[in-house]
Structures are given as structure tokens and as C-alpha cells.
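Below you'll find the structure, written out as C-alpha cells, and then a few comments.
Since the structure is predicted, the reported quantities are computational estimates derived from the model, not experimental observations. What you see below is based on every heavy atom in this structure, not just the backbone, and it leaves out hydrogens, waters and symmetry mates.
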Amino acid sequence: MKKIINNPESVVEEMLEGIVNAHPEYVKRLEGFNVLVRADAPVKGKVALVSGGGSGHEPSHGGYVGKGMLDAAVAGEVFTSPTPDQVFEAIKAVDGGSGVLLVIKNYTGDVMNFEMAAEMAEMEGIKVDSVIVNDDVAVENSTYTTGRRGIAGTVFVHKIAGAAADKGLELKEVKRIAEKVINNVRTMGMSLTPCTVPAAGKPSFELAEDEMEVGLGIHGEPGTHRDKIKTADEITEHLLEKIFNDIEVNEKDEVAVMVNGLGGTPLMELYIVNRKVKDILQEKGIKVYKTFVGNFMTSLEMAGCSVSILKLDDELKELLSAKADTIAFKQFEE
Amino acid sequence: MKKIINNPESVVEEMLEGIVNAHPEYVKRLEGFNVLVRADAPVKGKVALVSGGGSGHEPSHGGYVGKGMLDAAVAGEVFTSPTPDQVFEAIKAVDGGSGVLLVIKNYTGDVMNFEMAAEMAEMEGIKVDSVIVNDDVAVENSTYTTGRRGIAGTVFVHKIAGAAADKGLELKEVKRIAEKVINNVRTMGMSLTPCTVPAAGKPSFELAEDEMEVGLGIHGEPGTHRDKIKTADEITEHLLEKIFNDIEVNEKDEVAVMVNGLGGTPLMELYIVNRKVKDILQEKGIKVYKTFVGNFMTSLEMAGCSVSILKLDDELKELLSAKADTIAFKQFEE
Amino acid sequence: MKSTELMIKIIDNIATTIHENKEYLTELDAKIGDSDHGINMDKGFKMVQEKLHAVKDKDCGTILKTVAMTLVSTVGGASGPLYGTAFLKAASVVSDKKEINKDDIVKMFEEAIMGIKMRGKANKGDKTMLDALIPAYEELKKSIENNETIIEAFDKGQKAAYEGVEYTKKIAAKKGRASYLGERSIGHQDPGATSSYLMLKAIYDTLKEAK
Amino acid sequence: MKSTELMIKIIDNIATTIHENKEYLTELDAKIGDSDHGINMDKGFKMVQEKLHAVKDKDCGTILKTVAMTLVSTVGGASGPLYGTAFLKAASVVSDKKEINKDDIVKMFEEAIMGIKMRGKANKGDKTMLDALIPAYEELKKSIENNETIIEAFDKGQKAAYEGVEYTKKIAAKKGRASYLGERSIGHQDPGATSSYLMLKAIYDTLKEAK
Ligand SMILES: Nc1ncnc2c1ncn2[C@@H]1O[C@H](COP(=O)(O)OP(=O)(O)O)[C@@H](O)[C@H]1O
Ligand SMILES: Nc1ncnc2c1ncn2[C@@H]1O[C@H](COP(=O)(O)OP(=O)(O)O)[C@@H](O)[C@H]1O
Ligand SMILES: [Mg+2]
Ligand SMILES: [Mg+2]
Ligand SMILES: [Mg+2]
Ligand SMILES: [Mg+2]
């Protein structure tokens, strides 16, 4: 295991210290908890957004705490969902009187821990609601299973629901908009290398020099299948095909695109993927409203990428274009 | 070689297409050249900044084209400096009548190719001047050698000289400020893994599972020495020690810090490094004015990091805090 | 032995059993999950063990609630809230009681399972801890209704749990992380069912020994 | 043979030589640089070769200027501007000339070296192409001053260049990418000096053959 760390047990603690040291103008830490909240929390009268999950997905989620996105991010151990007491503290710290929306990625652990926290908060009289992001088309959706996972599409939920809250909308409205994003976003990913959880010390799976893993989540778990490495264009075609099998996007529809790196892939390759995404969308007559290329939802040092497509309407377009000022996602108003 | 690419020969071309597709509101491409210029270039009356170099350092330099930073970025082949005709086109395209400043990283090839371009531009009556960034303390400085290399500190030059140009300062002033940054910035780096130039197809050097390479540049060239992997704290101590051996920073001085990832290192590790940077500076009584953590000047998928320290005065502080709106570096005014 | 004393002993033994099986549970999770079940559970029960001393003179409800809250706030993942909820629901049956009877035990077990179902929205056959716990509960209940001893009841219960663990090898996961593997999860035994079996076995062993 | 015709032949042969030594030059650069010298040079001279036909009826100055500009705009790195400048300076000596003499040759060589020095700010002993070119120039000049033939002059020149390449193995680099290695560059031969030697050797071979 080659990592620039001190001690596998303390990576989350030291990372959080490093984040707060670097960006005191954006975030502060809740003492004794692995929770980052906006430096100016709680924002009176605004619906607060709380998200989080296991660590190892940086800049998710701490990097999205700030104006126009999250009010708090709760950091679990690497790839392990945080416990309800941590989430509960986050909720209490950011509630500005207008209620709190939890943005949860669809993993059994995350869902249950966040829901328990919501119950605890409700017992204290805080208005809490939640949405569950499930954008990963690698996994089939069904009410009889755990359903699709939440991956990079979550960042669109943070951005757009964050803008809605920033606009002063009430909890019910912010939730409606978050759910609209969730219904309209789909993601599919692949990787060239596994990643190593510091505490485990060895890679989560093995891949031969000419192999790639397709349809995997963001926790180092194996994907839906293994394949010989293809060209960037072929990979992109496959990812988009899976997405369009799952969601109908028609000619003249407008979309936002996110080409997300998993942590170990150079930007150069992500842009090569984006080139093909644009080509394919153009062929289908789909209009690209906005494109995001970079490391938004990572799996430690995993090499690989995911492509997300978000179908837009006027409401989502306006909120997606709104100002955001966080550590890792900054956008000027248009 | 595990890469998401189509063809090693065409990575730069396809990357540039992907960048322009993704961010048409920021950059446009000079047809027939590997040059990205501001979407609104030339900006009349403003001193224009042109930088560039080999590709493979993304988001450098195309990612820094935009308001408050660069007017053009010239992209050579991977790790190969661009030719003078490319740089010349960039100069012509962005000159807004107030002259052009070239920001060159100190490599023999870059310096010579950019200087030839400057000569060509001067022959056409364009006012051109240049600065050479040499922040890498791994290499000893001397007028009898090539001197120190230019690495991550270059981004500070882009930011601060870019802000000076944006403020409407004249070429001489913008150059003076760029040189002040260069005189006050030092960087030292290390890596855990080599990187692979697509056209070469194999790693630039070999490192054992327990080894790291210290004092290396950003072109996959071997460093000044090899060592057993140390803890993040020990590594950080060593990097800062080399920096402070080269530049005097005293108690009460204010600095900007950049913890830069080389492309394959997760943000988590960069923040763990930053935690120690902050500790060491605090012990020395040095005040941190601003901290930047992320992938700013990379070496393809190399795992590793560099730390840069920039000594500040009031002028530099003001310019560093000024608004910037580029693809990869956005900052709201304070 | 007083009920509370026995309960403390049982929980202490559960913690020791989980610790001894930390690697084993983690390896099972590596096959179809994310290799942390043993690590998570051990972290939680280690903390439980540390807190036992402070509640040893309290009632059964308080003891179980302490276990529940400790698991909830240290285990994380899926198993933390599930086992936490189970202990919390069991606690609610015996709040303020220092002595408990057979009926309490059946009711506690029943409430625990209902808590897990409510929290995780899973059912028998989904390849989860419920595949060990539900058959165990049914056998234990039947045994007690037949007026057998508590020890006999838990012996039947733990044996049924073992069968349940074996059964999880034959089915595909529908809930939890293993469900992403779909059919590829067949052939592997469920880590959560295994930890449930180990806990029931520890209860049985403690009761037998304490007799 | 006319000077221009001979010049075209020489440049064509230089291009072929560089192409044959593409791997060799790149491997030398891998040791102390960034493994691209052969790739860069071959790319440039391939393009030169393509453009030769279009200028074959032009004067020597135009031919050399075309070579220069092609190298400058295709080679990149350090060697592109250096060799480009060298050919450009040589071209300035013979602009408009269709026939050139011995003195022109000495002057062209001298100007080329001055161009490289001006552009790269290096000198003899810095472990660069100059360590092949300067001794070659000195020997060639002496030979011509002694009224030896052009062929003899280039023979002595290429031999001196070869010695220069050997000498680069003994010294540490002070300029270019290899200088970052400091003392660690000792023991390796300089790729740029090697390509310079190969070019001089190609000139000599062509002259000898054309005689
Ligand atoms: N919805 C559910 N209902 C009941 N048990 C579940 C559910 N989801 C997962 N489990 C149990 O949890 C176990 C995994 O626990 P653990 O590895 O600690 O959590 P995680 O999957 O979050 O890493 C599974 O083996 C399974 O028995
Ligand atoms: N300042 C200089 N003056 C003269 N020759 C130089 C100088 N710097 C480098 N060289 C020559 O250039 C050669 C390297 O060329 P090349 O590999 O094509 O460029 P780069 O170093 O940019 O990759 C060196 O071997 C050396 O002979
Ligand atoms: Mg887990
Ligand atoms: Mg080079
Ligand atoms: Mg697990
Ligand atoms: Mg080279």
C-alpha cells in the first residue's frame, strides 16, 4: 500500500483537521464529531442540507459545504456510513428553524443510519425530511431489492437542492426539487484499477494489466462485469448506452453532463471521454446545457471514471446555474 | 499501460476538443493550433498573459484561461514544450494592444521556444515580455546551469499576475509583480509512483513497493534521490525543510500555501499533508493567509505531491484575493 | 443467578465471541460485501464491554438500552443500526425489570426481529441476518410453548440459526451490499446471518455454563 | 554536381540517418533526459524530407531556411529551436546563392554554432551538442585553411565530433534537462551531441559518395 498517511486508523481525523486548517472561511468542525458545517451555520430561516457517508470520496462531501450547496457533511470511516449520533449532531448544528433535508446515497447502511438520526432529531422537535439518491444504472432498480446505488449524481442533488434552499424555498419545495433531480439523473462508471482502504492495507480486488471493471460502485466493491480494456470511445459508448437504456432522453432535450474521475485518473483522460460524450449526444440531437469534468465523487486512488446525465427543465436549469461558493465547487452566477 | 484513451498519438488533440466542448463559455480554440484562448479574447486594453508548456499537467495550463488569470495557454505534446509558431499564434490572438507577458516554466526547451515566439511577435510590432518561473528547490540554482525548474508555484504567478493585468496595470508593472511572485515562491515535491507518457507506453522509472522518489520535477524524470516511504508528517517536514533552506521566512511573515497533487493522489492524503504544513508553520510563528489544496500542476497519473510556500506582502495579498473565474480556478472576491 | 447478572455475562460472552470471529466475519464480508463486518462488530462490542461495568447494577432494560446505543454509535454500516434497533426493541420489553421470565424472552426476541424488519425492510429469504434470526425465534418460541427449559429453547434456537446460515449459501442477496452482486452472491454465506448465529450460540453457551 | 543538388542530397541523407537512429537517440535521452530526443528529431526531419522536393530548384539560402523553419515548428523541446536556429543562421550566410564555396562552408558552420550558443546560452563542456559541434568546427576550419579538400575537412570534422561525443560521457551536464541529475549524469553520453555527430557523419558520407 503506497499512501501519504501517518496511520491507517487516523486518516479521517487528520484529513478533517487538514480541511478545516485549509478552509476556515468555508467550514468549521463540530468539536468531538466528524462533522463539517458551514462557517456561518446555522443560517437563520434557510432550509439546511445535510449529507455525508463514508470517507474516501473527497471532495465529497465536505468539499461541498458552503453557500448554495450543503450546510453540513458527516464523514464516516473510509467507505463506512457514519453513525446516527454524528448525523444527529450535524442536523442540530445547522437547523436554522426552517427544517433540514438529508441527502442520502442509497446504501443500506447510509439509509438506516441517517433515518435513525432523523428520528432522533424529530424527537427533539426539528423538522427533518430526506431524499435518497440512486443514480447508478449498473444495478437494476426494484422495490424488492436494495435498488440502485447513489454515486456521482449526488453532486447534482447537492448543487440544485442547495440552490433551492439558498433561494429561500421551504422544506417541502426543496425536497420536491431534490427528488426531481434524483428522478432525472443517471450514472454509470468503470475502473482500471482497484483502490486500497488504508485500514485494510490491500486492494479491494485484482485486475489484470489488460482488464477493466465495469459497473462498479464507489466503495471498491467489484462491478457488474469484467472486460478487456477498450478505447476511450468504446468505453464512453458503453456507459452512455447503459444510461439511455434506463432513462428516456429525447431529441431537443437539454441535459447536464458530469464526467467524474474516481481519484487516480488524469484530467486529460476525462476530457477525452467528454469529447465522445458530446459527440454521442450531438448525434442524438440532445443539447448539452452544462458540462462538469473533474474529480467530484471519488474512490480514493482508483483509476476510472463515471459519466452522469441529468435531464433538465427550466427550473433545474436556473438552479444549476445559480451561484455556489464551496471549497470544491464554485460557480459564478450567469 | 492502463489509460482511458483512444490513441497515444492523439491524446492532446482529443483532450483539447474535450475541453472546448465542456467549457465553451471559458475558452475557444485557435483553429489549427493547440492553443486555448479566452472566449472573449482579445481583451482590448488589457495586458495579456500567455503560458503553456508540455501537456500532461492538467488543469495546467488550459484550466487557468479566463478572467483574472491567463489569456491563452499553449499545449505541447505530452511533456514536450510547444513550438514557437504555436506560441506566436497565441500571442497574436490575445494581444489587446497593451502588450503580452509570457509566463514560462524554466526548462531549456520551454524557454527557447517561447523566446523565439517572442522574437517573432516583436518583429510584427507586438510588445512582448516574459518571466521565467523557477520555484523547484530540489534543483540547485546557479547562473552557470539551467537552474531550478518551474513547477506548481507557476499557478501563483498565473493567479497574481493575472489579477494585476485584470486591474489594468501596464506590462512593466505586471512583469514586476510576476517577478516578485517568482522571487518569493518555492516548491518541493515527491512521488510514490512514476507516470507513463502515452506515446512511450511504459513508466518513466521504477519504484519498489516501499520506496518513494524525492525532489522530482513534473515530467516523470527521476528525482534527486530515492528513499524508503516515510509517514506523511515526515515527508511534509522534509519538503518544508528543503524550502526553508532556500528562502528565508520569518516569524510574523504571511504566506500562501499550496499542497498540490500530482494527479494520482487522493485529496484525503493532500489534506493530511496540509495538516502538518499548518502545524509546522504555526510552530515557526508564520501566518497562513490562504491555503490551496488540490491537483493544480500534475504529472499525468503520478501519485505524489508538492508543497509550495509563497511569501506575501500587501500587494501580493490583494492580488491573490482578487476574483478569478477560470475552468479550474475560481475565486470570489473577498 | 440474578437475571441482570446473567445478562451481563451473556453480553460479555457475545462480545468475546465476536472478537474471536472478527477476521472470520470480515473475510465472509470480503466475498460479497466490503470486508468490514467483523471490524465493525468488534469495534462496537469492544465498546459495549467497556460500558458493561457501569450498568451492572441497573435493570435489564437499562443494560440492553446501553448495549443498543453503544452499537448504534460505534458500529456504523448496515449492521450498526440493525443490531442497535434489535437491542433497543428488546430493551423496551423489559424496561425497569431486574428479573425476567420465559415470556419476556420470547417477547424480546419477537420485538428485536420486528425492529430489524422495520429498520431494514428485509424479510426471510433476502440473505440477511434475518435468515438466521427468524428460524431461531420460531424454534425457541415453539420450545418454550412446549414448556421446555430456557437452555433447551436456546439450543434449538441456535441450531436453527446455524441451518439458516447454511441456507444463505444457496440464495441470492436481495438486500444489503451483497445484493449488487445479484446471482454472483450465491455460494457465499451471509456475514450478518453468521454474526447472528454466533450471538445465539454465545447465549446458549453462557446459559449452559451458568446452570 | 550543383551545390543545391548536393545540399538536397545531404539533407535527405541526414533525415534518413536520424530516422535510422531514432530509437538509439531516444534511449540515450531516457538515461539522462525525458526519452524523446530521437522521436522529436525524427518527427522534424521526416517533415523536412517531405518539403525538400518543393525547394529543390531554389537557392541554398532558401533550402536551409526551409529546413530551419520546419525543424523549429515540428521538433519542439530543446533541440527544435537549437537546430532550427543553427540552420537559420547558416542560411543567412548563403541567401540567394546557388553555388557555394569552401569559405562559405566555414562561415555557415561558424554562424550555426554562434546561433546555438546565443539561443541556448551553453558552452563547450556543458555536455550538449556543442561538445560535438565546436571541436568539429575547429578541425574542419583548420583543414580548410590547410587547403585540404572538403571531403577531408568533413572527415576530420566528423571524427572530432565523435571524440566530442565520447568526451560527454566523462562530464556532468550543466545545461538542458540532464543538468537536473547533476553528477548522476556522468557516465552517459549526450543525446544531442550524438545527433550532431550523426549529422556530420551523414554529410561526410554523402560528399564521399557524390565525389
Ligand atoms: N436490509 C437489511 N436487513 C437486514 N439485514 C441486513 C440488511 N442489509 C444488510 N444486512 C445485514 O448486514 C450485513 C452486513 O453488515 P456490515 O458489513 O457491517 O454493513 P455494510 O454492508 O454497511 O458494510 C449483511 O451480511 C446482512 O446480514
Ligand atoms: N542550452 C543548450 N545548449 C545547447 N544544447 C542543449 C542545450 N540544452 C539541451 N541541449 C541539447 O539538447 C539535447 C536534448 O534534446 P531533446 O531531448 O530533443 O530536448 P528536451 O531536453 O527538451 O527533451 C541535449 O542532449 C543537449 O545536447
Ligand atoms: Mg461497510
Ligand atoms: Mg522533451
Ligand atoms: Mg460490510
Ligand atoms: Mg529530451
- Message: Tell me which one of V50(B), N34(B), T83(B) satisfies side chain to side chain contact (heavy atoms under 4.5 Å, CB included) with V74(B).
- Response: V50(B)

- Query: Is it the case that more than 12 heavy atoms not belonging to K65(D) sit under 6.0 Å from its NZ atom?
  - Reply: no

- Message: Looking at K242(B) and D246(B), is there a salt bridge between them, counting it only when a charged N and a carboxylate O are closer than 4.0 Å?
- Response: no

- Quick one: do E111(D) and K107(D) make a salt bridge, cutoff under 4.0 Å? yes

- Message: With a 3.5 Å distance limit and no angle check, can you tell me whether N134(B) reaches the backbone of N106(B) through a side-chain donor-acceptor pair?
- Response: no

- Task: Verify, without hydrogens or angle tests, whether S10(B) (side chain) and N7(B) (backbone) share a donor-acceptor contact under 3.5 angstrom.
- Result: yes

- L82(D), D34(D), T85(D): which one forms the most heavy-atom pairs within less than 4.5 Å of chain B? L82(D)

- Between A122(D), P81(D), G76(D), G120(D), which has the largest tally of heavy atom pairs under 4.5 Å with chain B? P81(D)

- Query: Where does the angle between the aromatic ring planes of Y107(B) and H219(B) fall among parallel (under 30°), tilted (30 to 60°) and perpendicular (over 60°)?
  - Reply: perpendicular

- Query: Any residues in residues 113-126 of chain B near chain D, with a heavy-atom distance under 4.5 Å, and which are they?
  - Reply: N113(B), E115(B), M116(B), E119(B)

Chain B contact via [X] - side chain, backbone, both or neither, heavy atoms under 4.5 Å:
{"X": "S179(D)", "answer": "side chain"}
{"X": "T26(D)", "answer": "neither"}
{"X": "K127(D)", "answer": "neither"}

- Item | Close side-chain approach of V103(B) and V133(B), heavy atoms under 4.5 Å | yes

- Given that the side chain runs from C-beta out, which part of E77(B) has a heavy atom under 4.5 Å from chain D: side chain, backbone, both or neither? side chain

- Task: Give the intermediate values and the outcome of side-chain contact (heavy atoms from CB on, under 4.5 Å) for residues I91(B) and L102(B).
- Result: CA-CA 9 Å; I91(B) 294 171; L102(B) 306 181; 3.8 Å; yes

- Message: I need the residue from V111(B), T224(B), D136(B), D110(B) with the largest number of non-hydrogen atom pairs under 4.5 Å to chain D.
- Response: T224(B)

